[in-house]
Amino acid sequence: GEQTAGRPFRPHRLLFYAILFIAEGEGEHFIDFQRYSYRKGSLIFISKEQVQAFEPNPAVKGTLMIFTEKFLERSSLGSNLMQQLSLYNYHLYSPILQLSKDQIPVFTEIVDRIIKEFQAPDDFATEEIIQASLRILLFLAERKRKTTLEPRKQSFYFEEFQQFQELLKTHIF
């Protein structure tokens, strides 16, 4: 097949989870062929199997973090963490979470910590520190989503849909 890694501006299906943290600038990101606007302090959550494409924009600075479920859950604490996160439930929520001004530095610090660990020569507990930092980022984002955002397709069937998803995960995966 065609290599998509070097062609981020063409639509491609992800084989892993991704978080895009926008540090500067604004633009648009395409997820499942829908257009989403982002700006400084946007966190964009893209789930495995979603189709995404970047809009070329040299004025935007951001960090793209990609990870697998296995990586996140490899430590003893990790089992079923992805199932508990609404962040990747793209059927129900917008993929963009907008941080407030006072939250941006907290998330910037965590992202910088991940980058430093990732770039440093492999040292004691490097993987664990990246895992732990990623978890903190996800937990803080999940807390923000739970306290600020309503599901975008809130309806009579919302709870049944969530229960159905849980049943699927339990019996199929």
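Computation of the quantities below employed the complete heavy-atom set of this structure, encompassing side-chain atoms and omitting hydrogens, waters and symmetry-equivalent molecules.
With contacts defined as side-chain heavy-atom distances shorter than 4.5 Å, the pair F30/V51 does not qualify. For the pair Q131 and F67, the minimum side-chain heavy-atom distance is 4.5 Å or more. Put simply, the side chain of H29 reaches to within 4.5 Å of the side chain of I46, judged on heavy atoms. No side-chain heavy atom of L137 sits under 4.5 Å from any side-chain heavy atom of F21. With a 4.5 Å cut-off on side-chain heavy atoms, L134 and I19 count as touching. Side-chain contact between L87 and L43 is absent, with no heavy atoms from C-beta onward closer than 4.5 Å. With contacts defined as side-chain heavy-atom distances shorter than 4.5 Å, the pair Y38/I44 qualifies.
Follow the hydrophobic side-chain contacts under 4.5 Å out from I129 and you never reach L138; the two are in separate clusters. Hydrophobic clustering of Ile, Leu, Val, Met, Phe, Trp and Tyr side chains at less than 4.5 Å, counting indirect connections, keeps F45 apart from F33.
Here the CD-CZ distance, from E127 to F118, works out to 11.0 Å after rounding to the nearest 0.5 Å. Rounding to the nearest 0.5 Å gives a distance of 7.5 Å between CZ of R13 and CG of D32. Atom NZ of residue K146 and atom CZ of residue F139 lie 11.0 Å apart, to the nearest 0.5 angstrom. Rounding to the nearest 0.5 Å gives a distance of 5.5 Å between CG of L64 and CG of L20. Remark: L99 CG to S42 OG distance equals 7.5 Å, nearest 0.5 Å. Atom CG of L140 sits about 8.5 Å away from atom CD of Q103, to the nearest 0.5 Å.
For Q98 (side chain) and K40 (main-chain N/O), a donor-acceptor pair under 3.5 Å exists by modelled atom type. In this structure a side-chain-to-backbone donor-acceptor pair under 3.5 Å is missing from E26 to S37. Judged by distance alone, with hydrogens and angles left aside, the side-chain atoms of S47 form no donor-acceptor pair with the main-chain N or O of Q50 at under 3.5 Å.
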side-chain contact (heavy atoms from CB on, under 4.5 Å) assessment of T63 paired with I114: CA-CA 10 Å; T63 303; I114 292 171; over 6 Å; no
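Nearest heavy-atom pair, F107 versus A141, reported as atom, atom and distance to 0.1 Å: CZ-N, 3.8 Å. Shortest non-hydrogen contact noted between R113 and S133 is CG-OG, 3.6 Å. A pairwise comparison of heavy atoms in A18 and I66 identifies CB-CG2, 3.9 Å as the closest pair. Contact between G27 and N57 at its shortest, heavy atoms only, is CA-ND2, 4.1 Å.
Around the CD atom of E109, the shell of radius 6.0 Å holds no more than 12 heavy atoms that belong to other residues, nucleotides or ligands.
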